[in-house]
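The structure under discussion appears below in the form of structure tokens.
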Amino acid sequence: MTGPHDAITAPYAGAATGAAARAGSHPRHGLDEVIHAPVRFSIVATLAAAEKAEFAFVRDTVEVSDSVLSRQVATLEKAGYVAVTKGYVGKRPRTWLALTADGRAVFADHCRALRAIAGGGDG
């Protein structure tokens, strides 16, 4: 018979044991430190829903200031996860943000790891 704490101490489905577990099999190892920060995660999640988005749209969606978004985008761009394109609409300067292929892949892996940690499996 199982007790109420068995789920806490039992390894998650598919977990390695022994030497493999010590090598880092817990799903938290699939989290990406760059996009794990709440604001950066929100930016990447917003960009994942579109091919590209205007800076102001992302700023308003994520509810941060221009300077905060700028700093976080610079971090994501340095990691190779976001591409920044500048141009004009008429005479007005605009900045567009887009996830790179690497950014989309890392975001998908990060979401899978979060679901695995939360008990939702790989899906």
Side-chain angles (χ1 to χ4, degrees):
M1 179 164 208
T2 60
H5 300 289
D6 289 344
I8 295 170
T9 57
Y12 65 92
T17 56
R22 289 186 295 276
S25 64
H26 188 278
R28 80 174 183 285
H29 297 292
L31 296 174
D32 184 272
E33 292 297 323
V34 175
I35 66 170
H36 192 64
V39 171
R40 289 193 294 265
F41 183 81
S42 298
I43 293 165
V44 172
T46 299
L47 294 175
E51 185 177 322
K52 65 180 178 178
E54 194 171 307
F55 184 95
F57 173 80
V58 176
R59 176 199 63 212
D60 295 346
T61 300
V62 178
E63 300 177 347
V64 293
S65 67
D66 286 355
S67 62
V68 167
L69 182 57
S70 240
R71 281 193 307 271
Q72 300 305 324
V73 165
T75 299
L76 291 165
E77 186 179 28
K78 183 177 178 183
Y81 298 164
V82 170
V84 178
T85 307
K86 294 185 181 272
Y88 288 86
V89 174
K91 293 185 178 185
R92 296 190 178 273
R94 294 286 186 258
T95 301
W96 292 274
L97 308 173
L99 281 184
T100 63
D102 283 349
R104 286 190 186 279
V106 167
F107 180 66
D109 291 345
H110 189 85
C111 288
R112 261 190 298 281
L114 287 172
R115 283 190 292 275
I117 292 167
D122 288 337

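Keep in mind the model is a prediction, meaning the values are calculated, not measured.
- One finds the CZ atom of Phe41 at 14.0 Å from the CD atom of Gln72 (value rounded to the nearest 0.5 Å).
- Applying the under-4.5 Å side-chain rule to Ile, Leu, Val, Met, Phe, Trp and Tyr, the cluster around Val89 extends to Trp96.
- With respect to Phe55, the side-chain contact (heavy atoms from CB on, under 4.5 Å) criterion is satisfied by exactly one of Thr95, Val84, Asp60: Thr95.
- With sequence neighbours left out, the side-chain contact (heavy atoms from CB on, under 4.5 Å) criterion links Thr100 to Ala83, Asp102.
- Under the rule for a side-chain contact (heavy atoms from CB on, under 4.5 Å), the partners of Thr46 that lie at least two apart in sequence or sit in another chain are Phe57, Val58, Thr61, Val62.
- Remark: Leu99 CG to Arg104 CZ distance equals 5.0 Å, nearest 0.5 Å.
- Not counting sequence neighbours, the partners of Val34 by the side-chain contact (heavy atoms from CB on, under 4.5 Å) test are Asp32, Arg40, Thr75, Leu76, Ala79, Tyr81.
- Partners of Arg59 according to the salt bridge (Lys or Arg N to Asp or Glu O under 4.0 Å) rule, which considers only residues two or more places apart in sequence or in another chain, are Asp66.
- Looking at residues two or more places apart in sequence or on another chain, you find a salt bridge (Lys or Arg N to Asp or Glu O under 4.0 Å) between Glu54 and Arg94.
- Contact between Gly30 and Ala113 at its shortest, heavy atoms only, is C-CB, 3.7 Å.
- Counting heavy atoms from C-beta on, the side chains of Leu97 and Lys52 never come closer than 4.5 Å.
- Taking CZ from Arg112 and CD1 from Ile117, the interatomic distance works out to 13.0 Å, rounded to the nearest 0.5 Å.
- Here the CD-CG distance, from Glu63 to Leu69, works out to 12.5 Å after rounding to the nearest 0.5 Å.
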